[in-house]
Amino acid sequence: MFLDFEGIENVRDLGGLLRVDGQKTRPGLLLRSGRLEKATEGDIRRLTDMGLWAVVDFRDGSEAERAPDRPVPGAAYHHLPALPDLAENFKPVDDPSYTAAEVHRDFCRIYRFLAQSSESIEAYSEFFRILLASEGRPVLWHCTQGKDRTGAAALLLLTALGIDEDTILREYMLTNTFTQGILDGFSAMEEPPFAMDLAREVFLVYEENLRMYVKCLEVEYGSVMNYLELALGVGPDEIELLERYYLTD
């Protein structure tokens, strides 16, 4: 479910997602978004009023330094780079030589990296440690646009909570409902900042990328659940706690 914030983009509450046994995720506790750099005073008050306990930032060091999050009173800030040295490994999107085909290829690389790198394992393992330490208090996680690194984290958490793959995919694809407004704004400009074919690759999410991420985990570990336990240390005991904190009848 989208939440309407003034300066924070792509904010979603993962509450209300149903499992096959009828249990559902609790509302107001699991929040995903874009970066908090442009959060307004009203946004900060709203997050504070929600009792936000932790903010998890998956951006790399240069991204976080260039556009630092606004602090939320009462919420601990955790910087967990899931893609370190992003700027060194990928062209900036405003590079005039960057083509839509190259952007598409690079996002495929990003999802393979998220599935295979030790840095991503460290970041997502610590993400679960924070969720477990929260004891069910509200946690928000984000990257820059709140779609790829954030989306992978959401998939892992929702899988741990027993949400089925189709529901997770539908939630992932909701980003495009938000970003379509950005694309419509670009197309209305006489001189948009990006060519539209490139903008679609940068701002939209694609089902194939998330499915490739899952496939990489399955090839390496046998299943996403095995990855959670063997790579991230999220086994039956941890999942039982997560279910207690984040599920309701």
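As the structure is a computational prediction, the values presented were derived from the model and not from experiment.
Tested against Leu158 for a side-chain contact (heavy atoms from CB on, under 4.5 Å), the candidates Thr167, Asp164, Leu14 yield a single pass: Leu14. Between Thr144 and the choices Glu9, Arg66, Glu37, Arg59, the side-chain contact (heavy atoms from CB on, under 4.5 Å) rule is met once, by Arg59.
Judged by a 6.0 Å distance limit and a 45° cone about the ring axis, Arg46 is positioned over the six-membered ring of Phe5. With Phe2 as the aromatic partner, Arg12 meets the cation-pi criteria of under 6.0 angstrom to the ring centre and within 45 degrees of the ring axis.
Between the side chain of Arg70 and the backbone N or O of Ala39, at least one donor-acceptor pair lies under 3.5 Å. With hydrogens and angles ignored, the 3.5 Å screen pairs a side-chain donor or acceptor of Ser134 with a backbone N or O of Leu131. In this structure, the side chain of Ser120 does not engage the main chain of Ala115 through any donor-acceptor pair within 3.5 Å. Distance alone, capped at 3.5 Å, places no donor-acceptor pair between the Asp57 side chain and the Leu80 backbone. A donor-acceptor pair under 3.5 Å links the side-chain atoms of Glu63 to the main chain of Asp60, judged by distance alone. Not a single donor-acceptor pair under 3.5 Å links the side chain of Asp197 to the backbone N or O of Ala100.
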Stepwise ring-ring contact (aromatic ring centres under 6.0 Å, His included) test for Tyr206 and Phe107: CA-CA 10 Å; Tyr206 293 89; Phe107 272 101; 8.5 Å; no
Criterion side-chain hydrogen bond (donor to acceptor under 3.5 Å, both in side chains) on Asn10 and Thr179, from CA distance to verdict: CA-CA 8 Å; Asn10 200 14; Thr179 55; over 6 Å; no
Leu217/Leu156 under side-chain contact (heavy atoms from CB on, under 4.5 Å): CA gap, chis, key distance, verdict: CA-CA 11 Å; Leu217 297 181; Leu156 295 172; 4.1 Å; yes
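The aromatic rings of Tyr77 and His79 lie parallel to each other, their planes meeting at an angle below 30°, with 60° marking the opposite boundary.
Annotation: side chain of Lys147 is not in contact with side chain of His142 (no heavy-atom distance under 4.5 Å). Under the 4.5 Å side-chain criterion, counting only non-hydrogen atoms from C-beta, Ser33 is not in contact with Thr150.
No hydrogens or angles considered: a donor-acceptor pair under 3.5 Å links the side chains of Arg19 and Gln23.
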